[in-house]
K.L.:
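One structure, pasted below without further comment.
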Number of protein chains: 2
Amino acid sequence: MAKAERIRIYDVARVAGVSVATASKALNDTGRMTDATRTRVKQTALALGFRPNAMARALTQQRSFTIGLLTNDSYGRFTLPVMAGINEALVDQGVSVFLCGIEDDAALGKIHVDAMLDKQVDGIIATGKRIDRRLPVDLSELPVPVVYAFTEGPVDAVTLVSDDAQGAREATEWLLGLGRQRLVHVTGPDSFASVSARAGAFREAAGAAAAVLHGPWSEAWGHAAVAQLWQQETPPDAIFCGNDQIARGVVDALRERGVDVPADVSVIGFDNWEIVAAATRPPLTTVDMNLKELGRVAGRLILDLAEGKPVEPGIRTLPCKLVVRQSCGGDMLARPNRQEELQGI
Amino acid sequence: MAKAERIRIYDVARVAGVSVATASKALNDTGRMTDATRTRVKQTALALGFRPNAMARALTQQRSFTIGLLTNDSYGRFTLPVMAGINEALVDQGVSVFLCGIEDDAALGKIHVDAMLDKQVDGIIATGKRIDRRLPVDLSELPVPVVYAFTEGPVDAVTLVSDDAQGAREATEWLLGLGRQRLVHVTGPDSFASVSARAGAFREAAGAAAAVLHGPWSEAWGHAAVAQLWQQETPPDAIFCGNDQIARGVVDALRERGVDVPADVSVIGFDNWEIVAAATRPPLTTVDMNLKELGRVAGRLILDLAEGKPVEPGIRTLPCKLVVRQSCGGDMLARPNRQEELQGI
DNA sequence: CAGCGATGGTAAAACGGTTTCTCAAACATC
DNA sequence: GATGTTTGAGAAACCGTTTTACCATCGCTG
């Protein structure tokens, strides 16, 4: 903890033999001066190891280069990829991110939002664990821009979601393309908007008769669903699951029954939660919601908003991507961009 | 986005009929004035919804009420609980946390640390995914205090770790207490310090002859270990695993073999990574490293340091706690504080 | 050579608070 | 009633930048 006296712009100016004003302009590439002066100032700043005090700068510029990320997703399963994307988009702009987990506690939410505003964040990104629920805080009358990513916001807000329907369609078509005929969709509670969206797309692609089974978002439900399905005379030859945990349960249950995945049955998951998808035997083919990209876009949007650039309000939908592993079988070479997908693992 | 003009202390002063200086002192409970004046100022501030600009305040006070959290744990498995604890400790002090994931990228680490310093953080907490590895950045000569939590730091630093040996001992003794006789420890690579610490404690408690098997930190290794162990004439009746993923693999492999958990074999995991531990069938009894508490302590320490209070350098070790679920069997009632443990799930 | 527009630079005023210093009035002391 | 001593409050300096306004100097033109 060497309490090295921090260098101020005043020091740079003195050493370079100019006024503070000139130093500031030199370093920010603004104002007019000879090239000689500008480079001289820059060099001394570099030599002295000068780093401007972001607080002082924020005070005049009305820009703190700081944003807040609000989430109620305590496992970080959705938030962390989003956060990674945000950081990726903002780090070279020198923007830092306050992360606040607020669970579903409105009071805690208010405290954190107030703290963020006090600290003059340039914007707030709201995110969560569910696309059709709101955070327990009202962000609609804030003095800073807000972007909703993977969580519901007011109708006129800037919102980012992943394309559940398209993801489900791709998964279903992939199964059909493998020659599977009896498709079933085992998914979460139908109170979730994502569930209906995915189920709808599944039915459209697989035929209206194709069964959709609802249950909790758990491995246990995957087991139960298999038990139920294998009571029927002709069990399915392909199961598209609403998330990776259900898919894992399904795969495990099938193995216990002696049903071969992927030889007898193809299974596809949803989320590409690597820790589950990769540990399943065989590793899960699954739909990736591209949350990192979603985070990147959110970061860029909040930046644009902070800079006053015009941003069209409304819902932006980002495509999902099928990540092919080994739970479906079939001819992987048929897939044109297979290399890339395998790398995405 | 109602761009409501933010109220400044100037406005409060004017409305309350005092000078800015008096207003400031009134609100901060400093200086001398009649109680009447003080409360009048406070009331007007409240009525106007005044919130001080944290940047401006930081500039004079040399305190930003902001800290940085640096991590290379991209899954957030260890970082999120730590972060939750930190937040819990700091939120009522009005401190916000910059979260920066730096992977193992030294350049990225430097960028983020510099950004934090520019933003005048009051301190930095370093954390990671491994207790015996350092982050790829040197934090030893920083102008702000640093606390290392669940990651290695310089010898004279303030460091927080969980008590691997004690956790392993408790797990082992629990198995012995259930009457198990042939204990085996299936764990991670012995290049990990935690692995040796736990293995050492295991051997001490279970007898020097008790076997310790090393492998990767994966479910697959759990399966492999069981295959290996059940080749022997007398397989173990209790398996203590180095993490929950291995334990999950072990439990699954045993079920596939028709070995009953917990009737025939007791299994204990490590980490209490709920998403794995609770989904295992039966749910895993496992050692919780109390990372949230670790975060709380880290938060308090960094605050003390920031306020200049004396903090003894050195390694602080926090106890682990056994979380009892159903993978061990035995008389759960025997455990005195069982209720509490079950709630901890 | 007076007049004028660039050019290169500086002094000073923000930004929004806190803190130190100063001072008049009220009060106590002798 | 003259002389300290509190007490309450305000003026001004400060924190470290950016930005505005201003001012020399210079080269050019007519």
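The structure displayed is predicted, hence computed values, not measured ones. We name chains A, B, ... by the order of the sequence lines, and we start the count at 1 in each one.
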K.L.:
Is there a residue in residues 29-42 of chain B whose heavy atoms reach under 4.0 Å of DNA chain C, and which residues are they?
P.N.:
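Nucleic-acid contacts, sorted: none.
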K.L.:
Over how many whole Å does the gap from Arg6(B) atom CZ to dC15(C) atom P extend?
P.N.:
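Whole-Å distance recorded here is 15 Å.
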K.L.:
Examine dT18(C): is either OP1 or OP2 under 4.0 Å from a nitrogen or oxygen in the side chain of Ser24(B)? Give yes or no.
P.N.:
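Checking Ser24(B) against dT18(C): at least one side-chain N or O falls below 4.0 Å of OP1 or OP2.
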K.L.:
I need the CD-P distance between Gln120(A) and dT18(D), as an integer number of Å.
P.N.:
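So the CD-P distance, Gln120(A) to dT18(D), works out to 17 Å.
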K.L.:
When you compare the side chains of Ser140(A) and Asp138(A), does any donor N or O come within less than 3.5 Å of an acceptor on the partner?
P.N.:
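Their side chains do contain a donor-acceptor pair, which is all the 3.5 Å distance test asks for.
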K.L.:
Rounded to whole Å, how long is the line connecting atom CG of Asn53(B) with atom P of dG16(C)?
P.N.:
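Rounded to whole Å, this separation is 7 Å.
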K.L.:
Who passes salt bridge (Lys or Arg N to Asp or Glu O under 4.0 Å) against Arg32(A), sequence neighbours left out?
P.N.:
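With neighbours one apart ignored, the set is empty.
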K.L.:
Please compare Ala21(A) and Ala56(B) by the position of their nearest nucleotide in DNA chain C and report the one closer to 5'.
P.N.:
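Its nearest nucleotide being more 5', the pick is Ala21(A).
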K.L.:
Among the candidates dG17(C), dT18(D), dG16(C), find the nucleotide nearest to the side-chain atoms of Pro52(B).
P.N.:
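For Pro52(B), the side-chain atoms sit closest to dG17(C).
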K.L.:
CE of Met55(A) versus C1' of dA14(C): gap in Å, rounded?
P.N.:
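For the pair Met55(A) CE and dA14(C) C1', the rounded distance is 19 Å.
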K.L.:
Please set out all donor-acceptor pairs under 3.5 angstrom arising from side-chain atoms of residues 116-128 of chain B, sequence neighbours excluded.
P.N.:
| from | atom 1 | to | atom 2 | distance (Å) |
| --- | --- | --- | --- | --- |
| Asp118(B) | OD1 | Arg6(A) | NH2 | 3.1 |
| Asp118(B) | OD1 | Arg51(A) | NE | 3.0 |
| Asp118(B) | OD2 | Arg51(A) | NE | 3.2 |
| Asp118(B) | OD2 | Arg51(A) | NH2 | 2.6 |
| Lys119(B) | NZ | Phe65(A) | O | 3.0 |
| Lys119(B) | NZ | Gly94(A) | O | 2.7 |
| Lys119(B) | NZ | Ser96(A) | OG | 2.8 |
| Asp122(B) | OD1 | Ser64(B) | N | 2.9 |
| Asp122(B) | OD1 | Ser64(B) | OG | 3.3 |
| Asp122(B) | OD2 | Arg63(B) | NE | 3.0 |
| Asp122(B) | OD2 | Ser64(B) | N | 3.4 |
| Asp122(B) | OD2 | Phe65(B) | N | 2.7 |
| Thr127(B) | OG1 | Ala149(B) | O | 2.8 |

K.L.:
Within this structure, what is the CZ-to-P distance between Arg8(A) and dG16(D), rounded to whole angstrom?
P.N.:
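So the two atoms are 5 Å apart, to the nearest Å.
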K.L.:
Salt-bridged, Asp35(A) to Lys42(A), with N to O below 4.0 Å?
P.N.:
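Salt bridge absent between Asp35(A) and Lys42(A).
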K.L.:
If an axis is fit to five pairs at each end of the helix from dC1(C)-dG30(D) to dC30(C)-dG1(D), what is the angle between the two, to the nearest 10°?
P.N.:
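Taking the rotation axis at each end, their angle is 60°.
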K.L.:
Quick one: side chains of residues 294-306 of chain B, donor-acceptor pairs under 3.5 Å with protein atoms, not counting sequence neighbours, listed by atom name and distance.
P.N.:
| from | atom 1 | to | atom 2 | distance (Å) |
| --- | --- | --- | --- | --- |
| Arg296(B) | NE | Glu88(B) | OE2 | 2.9 |
| Arg296(B) | NH1 | Glu293(B) | OE1 | 2.3 |
| Arg296(B) | NH2 | Glu88(B) | OE2 | 3.3 |

K.L.:
The side chain of Ser19(A) is closest to which nucleotide in this list: dT10(C), dA11(D), dT17(D)?
P.N.:
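Of all the options, the side chain of Ser19(A) is nearest to dT10(C).
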K.L.:
Please find the pair of heavy atoms, one from Val97(B) and one from Leu69(B), that lie closest to each other, and give the distance.
P.N.:
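Nearest pair, atom of Val97(B) first, then Leu69(B): CG1-CB, 3.8 Å.
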K.L.:
Could you tell me how far apart Arg14(B) (CZ) and dG10(D) (C1') are, to the nearest whole angstrom?
P.N.:
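From Arg14(B) CZ to dG10(D) C1': 17 Å.
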K.L.:
For Leu48(B), look at atom CG and say whether over 12 heavy atoms of other residues, nucleotides or ligands are found less than 6.0 Å away.
P.N.:
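Correct, the count exceeds 12.
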K.L.:
Taking only side-chain N and O atoms of Thr22(B), does any of them lie within less than 4.0 angstrom of OP1 or OP2 on dG10(D)?
P.N.:
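It does, given that an N or O in the side chain of Thr22(B) lies less than 4.0 Å from OP1 or OP2 of dG10(D).
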K.L.:
Salt bridge between Arg133(A) and Glu152(A), side-chain N to carboxylate O under 4.0 Å?
P.N.:
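No.
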K.L.:
Any N or O donor-acceptor pair under 3.5 Å from the base of dG8(C) to the side chain of Lys25(A)?
P.N.:
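It does not, because no donor-acceptor pair links the side chain of Lys25(A) to the base of dG8(C) below 3.5 Å.
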K.L.:
dC15(C) P sits how many Å from Leu59(B) CG, rounded?
P.N.:
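Answer to the nearest Å: 14 Å.
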K.L.:
Counting only heavy atoms not in Asp29(A), do more than 12 fall under 6.0 Å of its CG?
P.N.:
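Count over threshold, so yes.
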K.L.:
For a quick check of understanding: with a heavy-atom distance under 4.0 Å over all strands, which category does Val18(B) fall into, base, sugar-phosphate or nothing?
P.N.:
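Answer is sugar-phosphate: Val18(B) comes under 4.0 Å of backbone atoms only.
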K.L.:
For residues 90-116 of chain A, pull every pair meeting ring pair (Phe, Tyr, Trp, His ring centres under 6.0 Å), keeping only residues two or more places apart or in separate chains.
P.N.:
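As it turns out, the ring pair (Phe, Tyr, Trp, His ring centres under 6.0 Å) pairs with a partner in residues 90-116 of chain A, which skip direct neighbours, are Phe98(A)-Phe98(B).
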K.L.:
Can you tell me the distance, in whole Å, between the CZ atom of Arg63(B) and the P atom of dG16(C)?
P.N.:
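Atom CZ in Arg63(B) sits about 23 Å away from atom P in dG16(C).
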K.L.:
Whether Asn28(B) contacts dT18(C) is assessed here as follows: a side-chain N or O lying under 4.0 Å from the phosphate OP1 or OP2. Is that the case?
P.N.:
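Yes, Asn28(B) has a side-chain N/O under 4.0 Å of OP1/OP2 on dT18(C).
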